[in-house]
**Q** 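Handing you a structure now.
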Amino acid sequence: MGMPHSSSLHHFLRHVSFPPDPHLLPTAFKSCPTLPLARALHAVAEVSGLARDPFVASSLLHAYLRLGTTGNARALFDGMPRPQRTVVGWSALVAAHAARGDAEGAWRLLEEMRRDGGVEPNVITWNGLVSGLNRSGRARDAVVALATMHGEGLLRPDATGVSCALSAVGDVGLVSVGQQLHGYAVKAGCRADACVVTALIDMYGKCGQAAEVVRVFDESSHMDVASCNALIAGLSRNAQVCEALRLFKEFVDRGVELNVVSWTSIVACCVQNGKDLEAVEFFREMQAQGTEPNSVTIPCVLPAFANVAALMHGRSAHCFALRKGFLHDVYVSSALVDMYAKCGRVKDARIIFDTMVSRNVVSWNAMIGGYAMYGEAVNAVWMFHSMLKCKQKPDMVTFTCLLAACTQAGLTEEGRHYFKEMHNEYGVSPRMEHYACMVTLLGRAGKLDEAYDLISDMPFEPDAYIWGSLLGSCRVHGNVDLAEVAAEKLFHLEPENAGNYVLLSNIYASKKMWDRVNRVREMMKDVGLKKEKGCSWIEIKNKVHMLLAGDDSHPMMTAIIEKINQLNIQMRKLGFVPSTDFVLHDVEEQEKDDILAVHSEKLAVALGLISTSPGTTLRVIKNLRICGDCHEAMKFISSFEGREISVRDTNRFHHFSGGKCSCGDFW
DNA sequence: AAACAATCGC
């Protein structure tokens, strides 16, 4: 219990008198800022005999509930004479239990008020129950309450009740119940209520009904900012990012009074749909037009900075959060931990983590995942054990991060151990991503048969990622038989993924099985292939640059290409031989200009080299895994340019320095 | 007596 905010304390003190006054006390309780003060004032009321006054008792009951003690409230309520224990008091108690996530306690109270109190719950009791359960994250219980209420013929809620109910239904994803409520709202005549419109949009959005989201919005007559915001969020949830952007611009043009939620929503929308640079731009724009970010905006925008390695942007968000006192917010600090880790500053991530006032499972996972990205498995394992010591229960993401750390560092035994333990000790059933980690872990250790057995014993159908991992390991260890099994599955699961054909063909080539190499090439011609475009980001002087493989639209492209040619000459002199293993990878690009076939990370590094002063560390982020050829090249470049170069790919960090990589060529 | 829109980690 901290010190009350001085202005609320002053406000409160205006209503305290001595001797206590029966008309003043209820006002005092209404504005009472802390529990100890409420208890003290309760004692005063008790001694003076004013506690028996129904208004005094009722206001004290609500003060106790507002300040979070159901125990004191209940004791007070039980001490009240029976006629004073009305549906109002019972409803408040039910709502308070529900709001704390205590669904069982709320149901027990509901029973008790009927049986012992002889009081029937009304619509407000039910609304309080549904909305409380929903707000405390127990949407499922809220829908059960809703169904019970319906079963008892009590479903006559007003606009507020319908809004609460829709919110709960949306969280559970029960579109049919949502439609019934929609119909009810029309009949009850609250369909046009602003809260109901917003709640309907929200519900349809959460239930995956994008068309309904737009329809409800279009049918609403006035431009309510909350419903505009719900529309953006609903479209974002359903991957309709272009439509969301279009409508947001329209809101701006039509002069809708956008608020901080609107701007935060569009930032979140961009981040959730892979438009990180656009998110950064909206974040800038919101501040330019005078809307200050709040403690929700910061964790929304930080993943965008993290995804494009915008360390400077991330740092200024950190400073802003510090100035505004947002660092106490676990969402803000957890997002900062992740941002620093992903921007190459795992030590700074750790400092944030260590100074956090409260941590949840997400904070721990961000830190463990951070160490995993750096291949620092020892630290990841140490964090995991600290987490257990701090009584924080691990969840499935924890084990994904932990197993990934073991995989990156080649800790085969430890990985096996935690995979067994996650289910046996912590009751977390392994899911696809855990099996994928294990297949990679075993595959890298050369235990291909064991990896295959694990896949065969999986309780659900393995996905392409699993088979892809096995195929990759077969490439490393030259296992043709298992490679063919894996490739067969992959050609079925994702026939258009060029990488699988390339891998199998490379395996055949390494065994000099040329007829099979040709057969795979024929297959590649028959199916329309899709290759994900390589894309890299680098932050130079507070600006993030995006470089695309095979795209020469960057304004500095001529200088970049010149630098790459110069690097190639120097590398050859130092004995660099382009790896033949990756040649087929670029087979389609052969006809194009050689320069356009340069991978995006090389373009980013070349741009970094020519745009920063000597010795500056270069931080590059890439959307795919770094290829072996680029990996070798980076080692050479770090050596003769005297630069630290860090490349974060989809898997982990590669920190190149003095001709060596932090991954030890193991990745 | 109660209420709608935006948030962190795979």
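Chain letters run A, B, ... following the sequence lines, proteins first and then strands; every chain starts at 1.
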**Q** Which nucleotide in the set B:dA5, B:dA6, B:dA2 lies at the smallest distance from any side-chain heavy atom of A:Asn259?
**A**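 Looking only at side-chain atoms, A:Asn259 lies closest to B:dA5.
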**Q** Quick one: do A:Glu112 and A:Arg74 make a salt bridge, cutoff under 4.0 Å?
**A**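 Yes, A:Glu112 and A:Arg74 are salt-bridged.
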**Q** For a quick check of understanding: with a heavy-atom distance under 4.0 Å over all strands, which category does A:Ser265 fall into, base, sugar-phosphate or nothing?
**A** sugar-phosphate
**Q** Choose from B:dC4, B:dC8, B:dA6 the nucleotide whose nearest atom is closest to any side-chain atom of A:Pro303.
**A**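 From the listed options, B:dC8 comes nearest.
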**Q** Any base atoms under 4.0 Å from A:Asp193, or only sugar-phosphate, or nothing? Heavy atoms, all strands.
**A** nothing
**Q** In whole Å, what is the span from the CE atom of A:Met286 to the C1' atom of B:dA6?
**A** 10 Å
**Q** Taking the minimum atom-to-atom distance to the side chain of A:Thr400, which one of B:dC10, B:dA6, B:dA2 wins?
**A** B:dC10
**Q** Heavy atoms from C-beta onward define the side chain here; which of B:dA3, B:dA5, B:dG9 lies closest to that of A:Val361?
**A**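 When the side chain of A:Val361 is considered, B:dG9 is the closest of B:dA3, B:dA5, B:dG9.
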**Q** How far apart are the C-alpha atoms of A:Ser131 and A:Asn134, what are their side-chain angles, what is the distance that settles it, and do they pass the side chain to side chain donor-acceptor pair (under 3.5 Å) test?
**A** CA-CA 5 Å; A:Ser131 95; A:Asn134 189 44; over 6 Å; no
**Q** Side chain of A:Lys342: nearest nucleotide among B:dC10, B:dA5, B:dC8?
**A** B:dC10
**Q** Looking at B:dC8, B:dT7, B:dA2, which one has an atom nearest to any side-chain atom of A:Gln272?
**A** B:dT7
**Q** Give the rounded distance in Å between these two atoms: CE of A:Met339 and P of B:dT7.
**A**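 Rounded to the whole Å, the gap is 19 Å.
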**Q** Between the side-chain atoms of A:Asn127 and the base atoms of B:dA3, is any donor-acceptor pair under 3.5 Å?
**A**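 Between B:dA3 and A:Asn127, which were checked side chain against base, a qualifying N/O pair under 3.5 Å is absent.
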**Q** Can you tell me how the ring of A:Tyr426 sits relative to the ring of A:Phe399, calling it parallel under 30°, perpendicular over 60° and tilted otherwise?
**A** tilted
**Q** Could you tell me the separation between the CD atom of A:Glu433 and the C1' atom of B:dG9, rounded to a whole number of Å?
**A**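 Whole-Å distance recorded here is 12 Å.
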**Q** Which part of the nucleic acid, if any, lies within contact of A:Cys401, taking any heavy atom under 4.0 Å across all strands shown: a base, the sugar-phosphate backbone alone, or nothing?
**A**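 Nothing, no heavy atom under 4.0 Å.
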**Q** Ignoring hydrogens and angles, state whether a donor on the side chain of A:Asn259 or A:Ser262 is under 3.5 Å from an acceptor on the partner side chain.
**A** yes
**Q** What is the distance, to the nearest angstrom, from the CE atom on A:Met387 to the C1' atom on B:dG9?
**A** 10 Å
**Q** Describe the nucleic acid contact of A:Ser91 in one word from base, sugar-phosphate, nothing, applying a heavy-atom distance below 4.0 Å.
**A**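 The answer is nothing, as A:Ser91 stays clear of every strand by at least 4.0 Å.
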**Q** Within the structure, does a side-chain N or O atom of A:Thr198 lie under 4.0 Å from either OP1 or OP2 of B:dA5?
**A**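 A:Thr198 to B:dA5 OP1/OP2: no side-chain N or O under 4.0 Å.
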**Q** Which whole-number value in Å describes the distance from A:Met203 CE to B:dA3 C1'?
**A**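 Going from CE in A:Met203 over to C1' in B:dA3 covers 17 Å.
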**Q** Picking from B:dA3, B:dT7, B:dC4, which would you name as closest to the side chain of A:Arg135?
**A**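 Closest nucleotide among those given: B:dA3.
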**Q** Could you check whether A:Ala233 gets within reach of a base, just the sugar-phosphate, or nothing at all, counting any heavy atom under 4.0 Å?
**A**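 Sugar-phosphate only.
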**Q** Less than 4.0 angstrom from a charged side-chain N to a carboxylate O is my criterion; do A:Asp171 and A:Arg135 meet it?
**A** no
**Q** Atom CZ of A:Phe217 and atom C1' of B:dC4: how far apart are they, to the nearest Å?
**A**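 Interatomic distance, CZ of A:Phe217 to C1' of B:dC4: 14 Å.
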**Q** Any donor-acceptor pair under 3.5 Å joining the side chain of A:Ser334 to the base of B:dC8?
**A**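 Indeed there is one.
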**Q** Record whether the side chain of A:Asp395 comes under 3.5 Å of the base of B:dG9 through a donor-acceptor pair of N or O atoms.
**A** yes
**Q** Would you mind reading off the distance between A:Leu200 atom CG and B:dA3 atom P, rounded to a whole angstrom?
**A**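 Those two atoms, CG and P, are 18 Å apart.
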**Q** Among B:dC4, B:dA6, B:dG9, find the nucleotide with the atom closest to the side chain of A:Ser163.
**A** B:dC4
**Q** Consider side chain to side chain contact (heavy atoms under 4.5 Å, CB included). Of A:Phe460, A:Tyr465, A:Trp467, which one does A:Asp463 pass it with?
**A** A:Tyr465
**Q** So which atom in A:Ser469 and which in A:Val439 form the shortest heavy-atom distance, rounded to 0.1 Å?
**A** OG-CG1, 3.7 Å
**Q** For B:dA5, does the base pair up with any side-chain atom of A:Asp224 as donor and acceptor (N or O, under 3.5 Å, distance only)?
**A**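 Answer is no: no donor-acceptor pair is held.
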**Q** Please report, rounded to the nearest Å, how far the P atom of B:dC4 is from the CE atom of A:Met223.
**A** 22 Å
**Q** Can you tell which of B:dC4, B:dG9, B:dC8 lies closest to the side chain of A:Cys195?
**A** B:dC4
**Q** Base, sugar-phosphate, or nothing for A:Ser363, non-hydrogen atoms under 4.0 angstrom?
**A**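 If one applies the 4.0 Å heavy-atom cut-off, A:Ser363 turns out to touch nothing in the nucleic acid.
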**Q** Could you work out which one of B:dA5, B:dG9, B:dA6 sits closest to the side chain of A:Arg237?
**A**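 When the side chain of A:Arg237 is considered, B:dA6 is the closest of B:dA5, B:dG9, B:dA6.
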